[in-house]
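Taking it in order: structure first as structure tokens, then the write-up.
Just so it is clear, the model here is predicted, and its values are computed rather than measured.
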Amino acid sequence: MSTLKLGSLIIRTLSKPVATSIKTQAKQHAAFKEFCIGVAQRSHKLEMTLKMKFLGYKKEVIRPLNDARAVEAGANFMSEAFIFSVAASIIIAETWRSHSSNKNRRNYVDDALDNLEEDKDKLKELLELTREKQKEQEERLELLAQDNIQLRKILDEVLSVSLGMKRHTNYEQPKMISLPGLNNDNENNDGRQGS
């Protein structure tokens, strides 16, 4: 917005000298003078035709402007056309700049949203992994707590027995595993020694 205001201020400042220069050139150079006369005659004819149509006058023959008035009108038309074209180009440039900055901003926002989506997915995966590990740790902690309770019972019993506060409980003896060939050899050796 500030660029547009600055541009319009520059145009206003430069328009008067440029318009004066166009008028001067129209009077001094023959080719430019003829061009301005042609532009002025065509614009005068168009203007008068439109006035007649809209105001409801009968169509009459339009008299051309004299050369002095045509040069003046053509020079004014050219200077105003120059000012208008510069102003229009500034407005178009500002619109294009605004559009491209909005497009860049949209692209930046889209990229930021994509990055946030990726981060969110990574955080979800990390959260799931953390939950699984927490569950494993809780199960492990539960097992350790049960082992701790069993060890405490054994320690209490060992201390009670060693201090004489309690009688030793009978534990079931583990069953002996007989391995083929070993047990028979021992029995045979025991039988031979007995004889």
Applying the 4.5 Å side-chain criterion to the ILVMFWY set and letting contacts propagate, would L55 and I62 be lumped into a single cluster? yes
Could you work out, with side chain to side chain donor-acceptor pair (under 3.5 Å) as the rule, every residue matching R105, not counting sequence neighbours? N102
Approximate separation, where rounding is to 0.5 Å, of H99 NE2 and N104 CG: 9.5 Å
Quick check: do P64 and H44 have side-chain heavy atoms less than 4.5 Å from each other? no
Could you work out the complete set of other residues in the hydrophobic cluster of L151, with links drawn between I, L, V, M, F, W and Y side chains under 4.5 Å apart? none
Strictly by salt bridge (Lys or Arg N to Asp or Glu O under 4.0 Å), give each pair with a member in residues 34-56 just once, sequence neighbours left out. E47-K51
Would you say Q41's side chain and A70's backbone share a donor-acceptor pair under 3.5 angstrom? no
CG of D156 to NZ of K153: how many Å apart, nearest 0.5 Å? 10.0 Å
Considering only NZ, NE, NH1 and NH2 on the basic side and carboxylate oxygens on the acidic side, decide whether E136 and K133 come within less than 4.0 Å. no
D119 side, atom CG; D114 side, atom CG - distance, nearest 0.5 Å: 11.0 Å
Interatomic distance, OG1@T24 vs NE2@H29, rounded to 0.5 Å, equals 9.5 Å
Gap separating the NZ atom of K103 from the CG atom of D110, nearest 0.5 angstrom: 11.5 Å
Counterpart residues, side chain to side chain donor-acceptor pair (under 3.5 Å), relative to N115 (two or more places apart): none
Distance-minimising heavy-atom pair for K33 and A26: CB-O, 3.1 Å
Electrostatic pair E125:K122 at N-O distance under 4.0 angstrom: no
Side chains of T130 and L126: closer than 4.5 Å at any heavy-atom pair? yes
One should read off an interatomic distance between K124 NZ and E128 CD, to the nearest 0.5 angstrom, of 9.5 Å
Using the rule that two of Ile, Leu, Val, Met, Phe, Trp, Tyr join whenever any of their side-chain heavy atoms come within less than 4.5 Å, decide whether F54 and Y57 are in one cluster. no
Partners meeting salt bridge (charged side-chain N to carboxylate O under 4.0 Å, His left out) with E139 (sequence neighbours left out): none
Do V39 and F32 sit in one hydrophobic cluster, given that two such residues count as connected whenever their side-chain heavy atoms are within less than 4.5 Å of each other, even indirectly? yes
Could you pull out the closest heavy-atom pair between M78 and F35, with the gap in Å? CE-CE2, 3.5 Å
Which residue pairs pass the salt bridge (Lys or Arg N to Asp or Glu O under 4.0 Å) test when at least one of the two sits in residues 66-77, sequence neighbours left out? K27-E72
